[in-house]
Amino acid sequence: MEPGSRPPGRTVAAGLSEDDLDRDEPSGPEIEVIVAAPGWRAAVPRVEAMARRAALAAWAEAGLEAEGGFTVLLADDASIKRLNTDHRGKVKPTNVLSFPGEMPGHLGDIALALGVVRREARANKRRVAAHLAHLVAHGTLHLAGHDHLQAGEARRMEQAEARIMRRLNLPNPWRGMT
């Protein structure tokens, strides 16, 4: 286990600090955050807690009961490029990938590319932490069955993401976008 990582199942609900965990463990899926690229810790203070909070807020927004857990992989661009090539046939890194679970109790996996996330945050004048939270929420909504292939679906997903970010006291990622 990476130094500073927490054992699987240690979750942080939206609106709760890690200190609140000592009082009551929030309900929701078990979320394991794997920091495979150490640069994530320099880019986002308490990155594991931020990823868990965003995932739990998105799961709560989806209104589903937790029947297992999922993994959030915080990786580098090369790792995400390999996954994107192998699973989507696109030979480039992308910001976030979601893979639905194929076994009972495993809801799926979400993987994020540090370099892409940093570049997008900088280009949109956003903090890396806020962009990470948005993308984890986006990936979690995919695991919960949301999609954005059609215009109506895309709009509903954007609205859900805006509500999640509001729950996290973070800026709306769609405000100011054209």
Side-chain angles (χ1 to χ4, degrees), residues 11-15 26-33 50-75 77 79-178:
T11 57
V12 177
S27 63
E30 290 186 22
I31 300 165
E32 179 179 10
V33 178
M50 175 61 79
R52 283 188 190 94
R53 285 184 66 224
L56 285 168
W59 199 260
E61 173 68 27
L64 300 175
E65 293 293 320
E67 296 178 15
F70 59 92
T71 301
V72 177
L73 173 66
L74 302 175
D77 286 11
S79 299
I80 301 304
K81 179 181 177 182
R82 276 192 301 278
L83 289 170
N84 205 21
T85 301
D86 293 349
H87 296 279
R88 297 179 65 222
K90 298 186 180 205
V91 186
K92 64 179 184 174
T94 189
N95 52 15
V96 62
L97 293 169
S98 299
F99 302 97
E102 296 180 359
M103 297 172 44
H106 183 66
L107 301 168
D109 301 294
I110 300 169
L112 293 97
L114 175 60
V116 176
V117 172
R118 275 185 177 154
R119 288 189 295 278
E120 289 177 351
R122 190 176 315 118
N124 292 303
K125 296 178 176 62
R126 303 201 192 294
R127 292 186 359 240
V128 175
H131 195 44
L132 165 69
H134 172 224
L135 294 172
V136 169
H138 181 88
T140 302
L141 288 173
H142 276 302
L143 295 183
H146 289 256
D147 215 332
H148 48 78
L149 298 175
Q150 305 292 328
E153 292 175 327
R155 184 70 186 133
R156 281 187 294 279
M157 197 162 173
E158 288 172 7
Q159 290 171 337
E161 290 168 4
R163 286 189 300 271
I164 293 162
M165 295 300 280
R166 189 170 36 252
R167 220 178 248 165
L168 295 170
N169 294 317
L170 293 170
N172 180 342
W174 302 108
R175 186 162 290 139
M177 302 292 277
T178 57

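Throughout, residue positions are numbered sequentially from 1 according to the sequence presented.
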Side-chain atoms of residues 91-100: list all donor-acceptor pairs with protein atoms under 3.5 Å, sequence neighbours left out, distances to 0.1 Å.
residue: Asn95; atom: ND2; partner: Glu120; partner atom: OE1; Å: 3.1
residue: Asn95; atom: ND2; partner: Glu120; partner atom: OE2; Å: 3.3
residue: Ser98; atom: OG; partner: Gly139; partner atom: O; Å: 3.2

N/O donor-acceptor pairs under 3.5 Å from side chains in residues 61-71, not counting sequence neighbours:
residue: Glu61; atom: OE1; partner: Arg167; partner atom: NH2; Å: 3.4
residue: Glu61; atom: OE2; partner: Arg163; partner atom: NE; Å: 2.7
residue: Glu61; atom: OE2; partner: Arg163; partner atom: NH2; Å: 2.7

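Remark: Ala111 engages Leu73, Ile80, Leu83 in a side chain to side chain contact (heavy atoms under 4.5 Å, CB included) (not counting sequence neighbours). Among residues two or more places apart in sequence or in another chain, the side chain to side chain contact (heavy atoms under 4.5 Å, CB included) test is passed with Leu74 by Val33, Val35, Trp40, Val47, Val72, Leu112, Leu132. Legend: residues meeting side-chain hydrogen bond (donor to acceptor under 3.5 Å, both in side chains) with His142, ordered by chain and number and at least two apart, are His138, His148. Residues satisfying the side-chain hydrogen bond (donor to acceptor under 3.5 Å, both in side chains) criterion with His106, sequence neighbours excluded, are Asp109. With sequence neighbours excluded, the residues satisfying side-chain hydrogen bond (donor to acceptor under 3.5 Å, both in side chains) with Arg119 are Asp77. Qualifying side chain to side chain contact (heavy atoms under 4.5 Å, CB included) partners for Arg82, counting only residues two or more places apart in sequence or in other chains: Ala78, Ser79. With sequence neighbours excluded, the residues satisfying side chain to side chain contact (heavy atoms under 4.5 Å, CB included) with Ala121 are Val128, His131.
Smallest separation of non-hydrogen atoms from Leu56 and Gly28: CD2-CA, 4.1 Å. When every heavy atom of Met50 is checked against every heavy atom of Ala133, the shortest pair comes out as SD-CB, 3.8 Å. Shortest non-hydrogen contact noted between Ile164 and Ala54 is CG2-O, 4.4 Å.
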task = Report the C-alpha distance between Ile31 and Thr140 in whole Å, list the side-chain angles of each, state the deciding distance to 0.1 Å, and finish with yes or no for side-chain contact (heavy atoms from CB on, under 4.5 Å).
result = CA-CA 11 Å; Ile31 300 165; Thr140 302; over 6 Å; no
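The salt bridge (charged side-chain N to carboxylate O under 4.0 Å, His left out) contacts involving residues 152-162 comprise Arg155-Glu158, where partners must be two or more places apart or lie in separate chains.
Here the straight-line distance linking atom CE of Met165 with atom CG of Leu170 works out to 4.5 Å at 0.5 Å rounding. Here the CD atom belonging to Glu30 is positioned 10.0 Å from the CG atom belonging to Leu107, to the nearest 0.5 angstrom.
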